[in-house]
Amino acid sequence: MKEKILEVKNLSFSYKEQKVLSNISFDIYKGDYFGILGPNGSGKTTLLKLCLGLISSKEGSINIFGQDIQSSTKKNKISYISQKSNSFNLSFPATVNELIYSSLRSIGYDSKSSKKMASDAIDTVGIGNIANKRIGNLSGGQQQKAFIAKAISSKPEMIFLDEPTVGIDYGSEGFFYEAMHKLNLSGVSICMISHDISAITSYANRVACIGENTFHIHENQDIMDIETSLKKIYGKKMRLVTH
Amino acid sequence: MLEYAFMQRALIGGLLVSIIAPFMGTFIVVRRMSLIGDSLSHVALSGIVLAALFGIEPIYGAVVITVIAAYFIFFLRENYASYEEISLAIIMSSGIALASVLMGFSKNIRGNFLSYLFGSITGISNQDIYIMIVLSFIIFAFWGVNYYKLFHMAFDEESAKAMGIKTDKLGKIFIILIALCVVVSMRIVGVLLISSMMVIPVAAAMQYSLSFKQTILTSIVIAVFSVIGGITLSFYFDLASGGTIVLISVVILVASIMLKGRR
(Lines give C-alpha, C1' and ligand atoms only; values in the text may rest on other atoms or scores of the structure.)
Protein backbone atom coordinates (compact mmCIF):
# COMPACT_ATOMS: atom_id res chain seq x y z
CA MET A 1 0.00 0.00 0.00
CA LYS A 2 1.27 3.46 -0.94
CA GLU A 3 2.40 5.82 1.82
CA LYS A 4 -0.11 8.63 2.41
CA ILE A 5 1.61 12.03 2.42
CA LEU A 6 -1.27 14.50 2.45
CA GLU A 7 -4.74 13.87 3.81
CA VAL A 8 -7.51 16.43 3.34
CA LYS A 9 -10.83 15.65 5.05
CA ASN A 10 -14.13 17.52 4.77
CA LEU A 11 -12.37 20.82 4.13
CA SER A 12 -14.43 23.98 3.68
CA PHE A 13 -13.23 27.55 3.52
CA SER A 14 -14.91 30.94 3.24
CA TYR A 15 -13.51 34.41 2.62
CA LYS A 16 -15.72 36.56 4.83
CA GLU A 17 -19.23 35.48 3.78
CA GLN A 18 -18.28 33.86 0.48
CA LYS A 19 -17.81 30.09 0.42
CA VAL A 20 -14.73 29.26 -1.64
CA LEU A 21 -14.29 25.55 -0.90
CA SER A 22 -17.01 23.22 0.22
CA ASN A 23 -16.50 19.86 1.91
CA ILE A 24 -13.45 18.70 -0.05
CA SER A 25 -11.70 15.43 0.74
CA PHE A 26 -8.74 13.81 -0.99
CA ASP A 27 -5.38 12.18 -0.29
CA ILE A 28 -2.02 12.47 -2.01
CA TYR A 29 0.27 9.43 -1.90
CA LYS A 30 4.01 8.98 -2.28
CA GLY A 31 4.94 9.24 -5.95
CA ASP A 32 1.69 10.95 -7.00
CA TYR A 33 1.75 13.70 -9.61
CA PHE A 34 -1.41 15.53 -8.57
CA GLY A 35 -2.56 18.24 -10.97
CA ILE A 36 -5.17 20.84 -10.07
CA LEU A 37 -7.14 22.53 -12.85
CA GLY A 38 -9.83 25.15 -12.65
CA PRO A 39 -10.82 28.62 -13.80
CA ASN A 40 -9.74 31.83 -12.03
CA GLY A 41 -11.50 32.29 -8.70
CA SER A 42 -12.36 28.62 -8.30
CA GLY A 43 -10.28 28.31 -5.13
CA LYS A 44 -7.18 26.50 -6.47
CA THR A 45 -4.64 28.76 -4.78
CA THR A 46 -6.72 28.86 -1.60
CA LEU A 47 -6.73 25.05 -1.52
CA LEU A 48 -2.95 24.95 -2.02
CA LYS A 49 -2.36 27.55 0.70
CA LEU A 50 -4.53 25.56 3.09
CA CYS A 51 -2.58 22.39 2.27
CA LEU A 52 0.66 24.25 3.02
CA GLY A 53 -0.64 25.74 6.27
CA LEU A 54 -0.25 29.30 4.99
CA ILE A 55 -3.87 29.91 5.90
CA SER A 56 -6.11 27.85 8.14
CA SER A 57 -9.71 26.71 8.11
CA LYS A 58 -12.04 25.99 11.01
CA GLU A 59 -13.89 23.36 9.00
CA GLY A 60 -12.20 20.08 8.13
CA SER A 61 -8.69 18.79 8.69
CA ILE A 62 -5.41 18.64 6.79
CA ASN A 63 -2.62 16.26 7.79
CA ILE A 64 0.80 16.06 6.23
CA PHE A 65 3.05 13.07 6.99
CA GLY A 66 0.43 12.09 9.58
CA GLN A 67 0.55 15.39 11.49
CA ASP A 68 -1.81 18.36 11.53
CA ILE A 69 -0.49 20.89 8.99
CA GLN A 70 -0.54 23.82 11.44
CA SER A 71 1.65 22.11 14.03
CA SER A 72 3.58 19.72 11.80
CA THR A 73 7.27 19.26 12.60
CA LYS A 74 7.88 17.65 9.22
CA LYS A 75 7.39 20.68 7.00
CA ASN A 76 11.06 20.64 6.06
CA LYS A 77 10.16 17.60 3.93
CA ILE A 78 8.16 19.79 1.58
CA SER A 79 9.02 22.56 -0.87
CA TYR A 80 6.92 25.24 -2.46
CA ILE A 81 7.27 27.19 -5.68
CA SER A 82 4.68 29.94 -5.78
CA GLN A 83 3.63 32.30 -8.54
CA LYS A 84 6.89 34.24 -8.63
CA SER A 85 5.38 37.61 -9.46
CA ASN A 86 3.25 37.45 -6.32
CA SER A 87 5.69 36.12 -3.83
CA PHE A 88 9.37 36.39 -4.72
CA ASN A 89 11.23 39.56 -4.06
CA LEU A 90 13.16 39.79 -7.32
CA SER A 91 15.14 42.89 -6.43
CA PHE A 92 16.62 40.92 -3.55
CA PRO A 93 20.39 41.45 -3.47
CA ALA A 94 21.49 37.81 -3.35
CA THR A 95 23.20 35.35 -5.66
CA VAL A 96 21.52 32.10 -6.70
CA ASN A 97 24.01 30.07 -4.67
CA GLU A 98 23.53 32.27 -1.59
CA LEU A 99 19.78 31.95 -1.91
CA ILE A 100 19.82 28.16 -2.01
CA TYR A 101 22.48 27.84 0.70
CA SER A 102 20.66 30.24 3.05
CA SER A 103 17.30 28.52 2.51
CA LEU A 104 18.89 25.23 3.55
CA ARG A 105 20.48 26.82 6.62
CA SER A 106 17.10 28.32 7.54
CA ILE A 107 15.51 24.88 7.87
CA GLY A 108 18.27 23.48 10.03
CA TYR A 109 21.03 22.09 7.80
CA ASP A 110 24.57 22.88 8.93
CA SER A 111 27.04 24.86 6.84
CA LYS A 112 28.90 21.90 5.33
CA SER A 113 25.76 19.97 4.33
CA SER A 114 24.09 23.12 2.98
CA LYS A 115 27.10 23.90 0.74
CA LYS A 116 27.10 20.36 -0.62
CA MET A 117 23.31 20.21 -1.12
CA ALA A 118 23.22 23.63 -2.80
CA SER A 119 26.04 22.62 -5.12
CA ASP A 120 24.29 19.30 -5.96
CA ALA A 121 21.00 21.07 -6.74
CA ILE A 122 22.78 23.61 -8.96
CA ASP A 123 24.50 20.77 -10.86
CA THR A 124 21.23 18.81 -11.20
CA VAL A 125 19.42 21.75 -12.78
CA GLY A 126 22.52 22.70 -14.81
CA ILE A 127 22.81 26.32 -13.67
CA GLY A 128 26.48 26.40 -12.64
CA ASN A 129 26.98 29.32 -15.04
CA ILE A 130 24.53 31.55 -13.14
CA ALA A 131 25.15 30.31 -9.59
CA ASN A 132 27.11 33.42 -8.63
CA LYS A 133 24.88 35.91 -10.39
CA ARG A 134 22.34 38.10 -8.64
CA ILE A 135 18.84 36.61 -8.90
CA GLY A 136 17.28 39.89 -10.03
CA ASN A 137 19.67 40.15 -12.99
CA LEU A 138 18.58 36.83 -14.52
CA SER A 139 15.97 36.19 -17.21
CA GLY A 140 12.57 34.72 -16.28
CA GLY A 141 13.62 31.26 -17.46
CA GLN A 142 16.91 31.38 -15.54
CA GLN A 143 15.11 32.53 -12.41
CA GLN A 144 12.69 29.65 -12.73
CA LYS A 145 15.61 27.20 -12.97
CA ALA A 146 17.10 28.81 -9.85
CA PHE A 147 13.78 28.30 -8.02
CA ILE A 148 13.67 24.66 -9.11
CA ALA A 149 17.18 24.24 -7.71
CA LYS A 150 16.11 25.91 -4.45
CA ALA A 151 13.02 23.70 -4.23
CA ILE A 152 14.87 20.41 -4.79
CA SER A 153 17.97 21.31 -2.77
CA SER A 154 16.47 20.12 0.52
CA LYS A 155 15.60 16.76 -1.09
CA PRO A 156 11.88 17.18 -0.36
CA GLU A 157 9.42 14.30 -0.41
CA MET A 158 6.74 16.55 -1.84
CA ILE A 159 6.72 19.75 -3.89
CA PHE A 160 3.76 22.11 -4.17
CA LEU A 161 3.63 24.45 -7.16
CA ASP A 162 1.23 27.28 -7.93
CA GLU A 163 1.17 28.20 -11.61
CA PRO A 164 4.94 27.98 -11.80
CA THR A 165 5.30 28.65 -15.53
CA VAL A 166 3.52 32.00 -15.69
CA GLY A 167 5.68 34.56 -17.51
CA ILE A 168 8.36 32.22 -18.87
CA ASP A 169 9.00 31.35 -22.51
CA TYR A 170 7.99 28.14 -24.24
CA GLY A 171 11.46 26.54 -24.06
CA SER A 172 11.83 27.24 -20.33
CA GLU A 173 8.31 25.94 -19.76
CA GLY A 174 9.20 22.66 -21.49
CA PHE A 175 12.36 22.39 -19.39
CA PHE A 176 10.33 23.00 -16.27
CA TYR A 177 7.73 20.28 -16.94
CA GLU A 178 10.46 17.79 -17.90
CA ALA A 179 12.37 18.57 -14.68
CA MET A 180 9.24 18.00 -12.56
CA HIS A 181 8.49 14.78 -14.47
CA LYS A 182 12.00 13.43 -13.78
CA LEU A 183 11.69 14.40 -10.15
CA ASN A 184 8.37 12.62 -9.92
CA LEU A 185 9.86 9.48 -11.49
CA SER A 186 12.51 9.55 -8.75
CA GLY A 187 9.72 9.24 -6.15
CA VAL A 188 8.99 12.87 -5.23
CA SER A 189 5.26 13.66 -4.98
CA ILE A 190 4.10 16.69 -6.92
CA CYS A 191 1.01 18.82 -6.36
CA MET A 192 0.72 21.44 -9.09
CA ILE A 193 -1.81 24.10 -10.03
CA SER A 194 -1.57 25.15 -13.65
CA HIS A 195 -3.59 26.75 -16.40
CA ASP A 196 -1.70 24.58 -18.89
CA ILE A 197 -4.35 21.87 -19.15
CA SER A 198 -2.47 19.76 -21.68
CA ALA A 199 0.71 19.72 -19.57
CA ILE A 200 -1.20 18.68 -16.46
CA THR A 201 -3.13 15.96 -18.24
CA SER A 202 0.07 14.70 -19.86
CA TYR A 203 2.21 14.45 -16.73
CA ALA A 204 -0.16 14.08 -13.78
CA ASN A 205 -1.40 10.62 -12.84
CA ARG A 206 -4.28 12.19 -10.88
CA VAL A 207 -6.11 15.34 -11.94
CA ALA A 208 -8.43 17.37 -9.74
CA CYS A 209 -10.90 19.64 -11.53
CA ILE A 210 -12.17 22.40 -9.30
CA GLY A 211 -15.03 24.76 -10.11
CA GLU A 212 -17.94 26.49 -8.43
CA ASN A 213 -19.36 23.87 -6.01
CA THR A 214 -17.49 21.16 -7.93
CA PHE A 215 -14.46 19.10 -6.99
CA HIS A 216 -13.78 15.97 -8.90
CA ILE A 217 -10.63 13.85 -8.97
CA HIS A 218 -9.77 11.76 -12.01
CA GLU A 219 -7.82 8.79 -10.79
CA ASN A 220 -6.62 7.88 -14.26
CA GLN A 221 -5.70 9.79 -17.39
CA ASP A 222 -8.94 9.10 -19.22
CA ILE A 223 -9.08 12.06 -21.61
CA MET A 224 -12.82 11.77 -22.24
CA ASP A 225 -13.60 11.87 -18.52
CA ILE A 226 -11.36 14.89 -17.96
CA GLU A 227 -12.86 16.70 -20.96
CA THR A 228 -16.32 16.19 -19.44
CA SER A 229 -15.19 17.69 -16.12
CA LEU A 230 -13.47 20.60 -17.85
CA LYS A 231 -16.63 21.37 -19.80
CA LYS A 232 -18.50 21.48 -16.50
CA ILE A 233 -16.07 23.83 -14.73
CA TYR A 234 -15.06 26.09 -17.64
CA GLY A 235 -18.53 26.15 -19.18
CA LYS A 236 -17.38 25.21 -22.67
CA LYS A 237 -16.21 22.18 -24.54
CA MET A 238 -12.47 21.53 -24.51
CA ARG A 239 -10.42 19.15 -26.59
CA LEU A 240 -7.26 17.97 -24.89
CA VAL A 241 -3.95 17.63 -26.69
CA THR A 242 -1.38 15.80 -24.61
CA HIS A 243 2.38 16.58 -24.70
CA MET B 1 39.63 64.82 20.59
CA LEU B 2 39.82 61.36 22.16
CA GLU B 3 41.12 62.81 25.44
CA TYR B 4 37.55 63.91 26.18
CA ALA B 5 35.40 61.29 27.89
CA PHE B 6 32.27 62.43 26.05
CA MET B 7 34.01 61.89 22.71
CA GLN B 8 35.03 58.39 23.75
CA ARG B 9 31.40 57.66 24.61
CA ALA B 10 30.22 59.21 21.33
CA LEU B 11 32.60 57.03 19.32
CA ILE B 12 31.64 53.82 21.15
CA GLY B 13 27.96 54.63 20.67
CA GLY B 14 28.57 55.70 17.08
CA LEU B 15 30.31 52.44 16.23
CA LEU B 16 27.44 50.43 17.72
CA VAL B 17 24.94 52.43 15.66
CA SER B 18 26.96 52.11 12.49
CA ILE B 19 27.01 48.32 12.80
CA ILE B 20 23.47 47.70 14.01
CA ALA B 21 21.49 50.24 11.97
CA PRO B 22 22.65 49.11 8.49
CA PHE B 23 22.52 45.45 9.54
CA MET B 24 18.88 45.80 10.52
CA GLY B 25 18.40 48.22 7.64
CA THR B 26 19.36 45.66 4.99
CA PHE B 27 16.48 43.46 6.09
CA ILE B 28 14.17 46.46 6.46
CA VAL B 29 14.92 47.65 2.91
CA VAL B 30 14.53 44.25 1.23
CA ARG B 31 11.27 43.67 3.11
CA ARG B 32 10.11 47.12 1.89
CA MET B 33 9.56 48.41 5.40
CA SER B 34 11.71 51.54 5.18
CA LEU B 35 9.11 53.72 6.92
CA ILE B 36 9.02 51.65 10.08
CA GLY B 37 12.17 53.21 11.56
CA ASP B 38 10.66 56.67 11.12
CA SER B 39 7.41 55.62 12.76
CA LEU B 40 9.06 54.06 15.78
CA SER B 41 11.55 56.88 16.21
CA HIS B 42 8.74 59.44 16.35
CA VAL B 43 7.16 57.36 19.09
CA ALA B 44 10.49 57.28 20.93
CA LEU B 45 10.12 61.05 21.32
CA SER B 46 7.04 60.63 23.47
CA GLY B 47 8.92 58.06 25.57
CA ILE B 48 11.70 60.58 26.14
CA VAL B 49 9.25 63.28 27.27
CA LEU B 50 7.34 60.82 29.46
CA ALA B 51 10.56 59.69 31.15
CA ALA B 52 11.51 63.32 31.78
CA LEU B 53 8.11 63.90 33.42
CA PHE B 54 8.72 61.00 35.81
CA GLY B 55 12.33 62.02 36.40
CA ILE B 56 13.88 58.84 35.00
CA GLU B 57 16.51 58.32 32.29
CA PRO B 58 14.96 59.24 28.90
CA ILE B 59 16.41 56.12 27.26
CA TYR B 60 14.26 53.90 29.55
CA GLY B 61 11.13 55.75 28.54
CA ALA B 62 12.09 55.37 24.87
CA VAL B 63 12.62 51.60 25.24
CA VAL B 64 9.24 51.05 26.92
CA ILE B 65 7.23 53.28 24.56
CA THR B 66 8.80 52.00 21.32
CA VAL B 67 8.25 48.37 22.31
CA ILE B 68 4.60 49.18 23.15
CA ALA B 69 4.34 50.93 19.75
CA ALA B 70 5.77 47.81 18.07
CA TYR B 71 2.93 45.78 19.59
CA PHE B 72 0.46 48.43 18.45
CA ILE B 73 1.82 48.02 14.91
CA PHE B 74 1.07 44.25 15.08
CA PHE B 75 -2.47 45.06 16.20
CA LEU B 76 -3.06 47.58 13.41
CA ARG B 77 -1.50 45.34 10.76
CA GLU B 78 -3.95 42.58 11.63
CA ASN B 79 -6.84 45.00 11.17
CA TYR B 80 -5.49 46.59 7.98
CA ALA B 81 -3.74 43.60 6.44
CA SER B 82 -3.99 44.94 2.87
CA TYR B 83 -2.82 48.45 3.77
CA GLU B 84 0.30 47.90 5.81
CA GLU B 85 1.55 51.49 5.50
CA ILE B 86 -1.58 52.73 7.30
CA SER B 87 -0.34 51.24 10.57
CA LEU B 88 3.00 53.03 10.19
CA ALA B 89 1.36 56.38 9.42
CA ILE B 90 -0.93 56.03 12.45
CA ILE B 91 1.96 55.13 14.76
CA MET B 92 4.11 57.99 13.47
CA SER B 93 1.46 60.67 13.97
CA SER B 94 0.37 59.21 17.31
CA GLY B 95 3.96 59.38 18.56
CA ILE B 96 4.38 63.02 17.61
CA ALA B 97 0.93 63.92 18.96
CA LEU B 98 1.65 62.26 22.31
CA ALA B 99 5.07 63.93 22.56
CA SER B 100 3.65 67.38 21.82
CA VAL B 101 0.87 66.98 24.41
CA LEU B 102 3.26 65.65 27.07
CA MET B 103 5.70 68.48 26.45
CA GLY B 104 3.05 70.88 27.72
CA PHE B 105 3.45 69.28 31.17
CA SER B 106 7.23 69.50 31.25
CA LYS B 107 8.89 72.86 30.80
CA ASN B 108 12.45 71.65 31.52
CA ILE B 109 12.60 69.09 28.68
CA ARG B 110 12.43 71.73 25.95
CA GLY B 111 16.07 72.82 25.97
CA ASN B 112 17.23 69.24 25.83
CA PHE B 113 14.65 68.26 23.24
CA LEU B 114 16.65 69.43 20.22
CA SER B 115 19.52 67.14 21.16
CA TYR B 116 17.12 64.18 20.99
CA LEU B 117 15.65 65.37 17.71
CA PHE B 118 18.94 65.82 15.86
CA GLY B 119 21.49 63.94 17.97
CA SER B 120 24.19 65.31 20.24
CA ILE B 121 27.58 63.84 20.96
CA THR B 122 27.94 65.79 24.20
CA GLY B 123 24.68 64.50 25.63
CA ILE B 124 25.61 60.80 25.81
CA SER B 125 25.94 59.61 29.40
CA ASN B 126 27.67 56.48 30.73
CA GLN B 127 24.19 55.13 31.45
CA ASP B 128 23.26 55.62 27.78
CA ILE B 129 26.34 53.70 26.67
CA TYR B 130 25.65 50.78 29.03
CA ILE B 131 22.08 50.49 27.76
CA MET B 132 23.21 50.78 24.14
CA ILE B 133 25.70 47.94 24.70
CA VAL B 134 23.07 45.71 26.33
CA LEU B 135 20.49 46.40 23.59
CA SER B 136 23.10 45.82 20.89
CA PHE B 137 24.02 42.52 22.49
CA ILE B 138 20.34 41.45 22.46
CA ILE B 139 20.05 42.38 18.78
CA PHE B 140 23.26 40.53 17.82
CA ALA B 141 22.28 37.43 19.81
CA PHE B 142 18.95 37.27 17.99
CA TRP B 143 20.60 37.67 14.61
CA GLY B 144 23.19 35.05 15.44
CA VAL B 145 20.42 32.50 15.93
CA ASN B 146 17.92 33.61 13.30
CA TYR B 147 19.91 35.17 10.43
CA TYR B 148 19.09 32.49 7.85
CA LYS B 149 15.44 32.22 8.84
CA LEU B 150 15.04 35.97 8.40
CA PHE B 151 16.92 35.80 5.12
CA HIS B 152 14.54 33.12 3.80
CA MET B 153 11.56 35.11 5.09
CA ALA B 154 12.77 38.32 3.48
CA PHE B 155 13.15 36.63 0.11
CA ASP B 156 9.99 34.55 0.08
CA GLU B 157 7.84 34.62 3.18
CA GLU B 158 5.30 32.08 1.90
CA SER B 159 7.95 29.50 1.04
CA ALA B 160 9.63 30.04 4.42
CA LYS B 161 6.34 29.52 6.24
CA ALA B 162 5.45 26.49 4.13
CA MET B 163 8.79 24.92 5.06
CA GLY B 164 8.12 25.30 8.78
CA ILE B 165 9.68 28.64 9.72
CA LYS B 166 7.58 30.50 12.30
CA THR B 167 7.31 33.63 10.19
CA ASP B 168 4.60 35.36 12.25
CA LYS B 169 6.57 35.11 15.48
CA LEU B 170 9.88 36.08 13.85
CA GLY B 171 8.23 39.02 12.07
CA LYS B 172 7.01 40.35 15.41
CA ILE B 173 10.38 39.92 17.12
CA PHE B 174 11.98 41.66 14.14
CA ILE B 175 9.80 44.75 14.68
CA ILE B 176 10.62 44.78 18.40
CA LEU B 177 14.31 44.69 17.49
CA ILE B 178 13.81 47.65 15.16
CA ALA B 179 12.34 49.46 18.18
CA LEU B 180 15.46 48.62 20.20
CA CYS B 181 17.67 49.70 17.30
CA VAL B 182 15.88 53.06 17.26
CA VAL B 183 16.67 53.50 20.96
CA VAL B 184 20.32 52.52 20.45
CA SER B 185 20.67 55.07 17.65
CA MET B 186 18.68 58.01 18.97
CA ARG B 187 21.40 59.73 21.05
CA ILE B 188 23.88 59.73 18.18
CA VAL B 189 21.80 60.56 15.11
CA GLY B 190 18.62 61.89 16.72
CA VAL B 191 15.14 60.46 16.46
CA LEU B 192 14.30 62.36 13.27
CA LEU B 193 17.26 60.91 11.42
CA ILE B 194 17.46 57.33 12.67
CA SER B 195 15.72 55.71 9.74
CA SER B 196 18.14 57.36 7.34
CA MET B 197 20.97 55.43 9.03
CA MET B 198 19.02 52.24 8.41
CA VAL B 199 18.25 53.04 4.79
CA ILE B 200 20.88 55.31 3.15
CA PRO B 201 24.01 53.13 3.67
CA VAL B 202 22.03 50.11 2.45
CA ALA B 203 20.73 51.98 -0.61
CA ALA B 204 24.32 52.97 -1.48
CA ALA B 205 25.65 49.44 -0.90
CA MET B 206 22.96 47.86 -3.07
CA GLN B 207 24.29 49.78 -6.08
CA TYR B 208 27.39 47.59 -6.18
CA SER B 209 26.97 44.54 -3.98
CA LEU B 210 26.44 41.21 -5.63
CA SER B 211 25.37 39.20 -2.62
CA PHE B 212 23.34 39.81 0.51
CA LYS B 213 26.34 39.49 2.81
CA GLN B 214 28.28 41.94 0.65
CA THR B 215 25.38 44.39 0.91
CA ILE B 216 25.41 44.14 4.71
CA LEU B 217 29.19 44.51 4.99
CA THR B 218 29.40 47.39 2.50
CA SER B 219 26.57 49.25 4.20
CA ILE B 220 28.31 48.84 7.57
CA VAL B 221 31.56 50.23 6.10
CA ILE B 222 29.65 53.23 4.68
CA ALA B 223 27.89 53.78 8.02
CA VAL B 224 31.13 53.54 10.05
CA PHE B 225 32.76 56.08 7.73
CA SER B 226 29.73 58.40 7.94
CA VAL B 227 29.42 58.14 11.72
CA ILE B 228 33.10 58.62 12.54
CA GLY B 229 33.34 61.42 9.96
CA GLY B 230 30.17 63.05 11.27
CA ILE B 231 31.19 62.85 14.92
CA THR B 232 34.65 64.25 14.13
CA LEU B 233 33.26 67.14 12.09
CA SER B 234 30.61 67.92 14.67
CA PHE B 235 33.35 68.05 17.36
CA TYR B 236 35.59 70.45 15.47
CA PHE B 237 32.88 72.62 13.88
CA ASP B 238 30.23 72.41 16.60
CA LEU B 239 27.63 70.87 14.28
CA ALA B 240 24.62 68.66 15.10
CA SER B 241 26.05 65.14 14.98
CA GLY B 242 22.98 63.44 13.49
CA GLY B 243 22.63 65.85 10.59
CA THR B 244 26.36 65.75 9.81
CA ILE B 245 26.41 61.93 9.83
CA VAL B 246 23.38 61.68 7.57
CA LEU B 247 24.68 64.33 5.16
CA ILE B 248 27.95 62.41 4.76
CA SER B 249 26.02 59.21 4.01
CA VAL B 250 23.85 61.09 1.50
CA VAL B 251 27.00 62.36 -0.27
CA ILE B 252 28.26 58.74 -0.45
CA LEU B 253 24.90 57.59 -1.81
CA VAL B 254 24.81 60.27 -4.52
CA ALA B 255 28.44 59.54 -5.44
CA SER B 256 27.69 55.81 -5.70
CA ILE B 257 24.70 56.42 -7.97
CA MET B 258 26.69 58.81 -10.18
CA LEU B 259 29.69 56.49 -10.40
CA LYS B 260 27.48 53.57 -11.33
CA GLY B 261 25.81 55.70 -14.02
CA ARG B 262 29.20 56.47 -15.57
CA ARG B 263 30.17 52.80 -15.85
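Chain letters run A, B, ... following the sequence lines, proteins first and then strands; every chain starts at 1.
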Q: Heavy-atom distances under 4.5 Å only: say whether A:Asn132 touches chain B with side chain, backbone, both or neither.
A: backbone

Q | Side chain / backbone / both / neither for A:Lys49 at chain B, heavy atoms under 4.5 Å | A | side chain

**Q.** Smallest separation among heavy atoms of B:Val17 and B:Met132, with atom names
**A.** CG2-CE, 4.2 Å

(Q) Can you tell me which portion of A:Phe160 sits under 4.5 Å from chain B's heavy atoms? Options are side chain, backbone, both or neither. (A) neither

**Q.** Region of A:Ser72 in contact with chain B, defined by heavy-atom distances below 4.5 Å
**A.** neither

Q: Verify whether the ring centers belonging to B:Phe151 and A:Phe92 lie closer than 6.0 Å.
A: yes

**Q.** Ring centres under 6.0 angstrom apart (A:Phe26, A:Phe215)
**A.** yes

Q) Would you say the ring centroid of B:Phe212 lies under 6.0 angstrom from that of B:Phe27? A) yes

Q: Tell me, for A:Ile69 versus chain B, whether the close heavy atoms (under 4.5 Å) come from the side chain, the backbone, both or neither.
A: neither

Q: Decide if the gap between the ring center of A:Phe13 and the ring center of A:Tyr15 is smaller than 6.0 angstrom.
A: yes

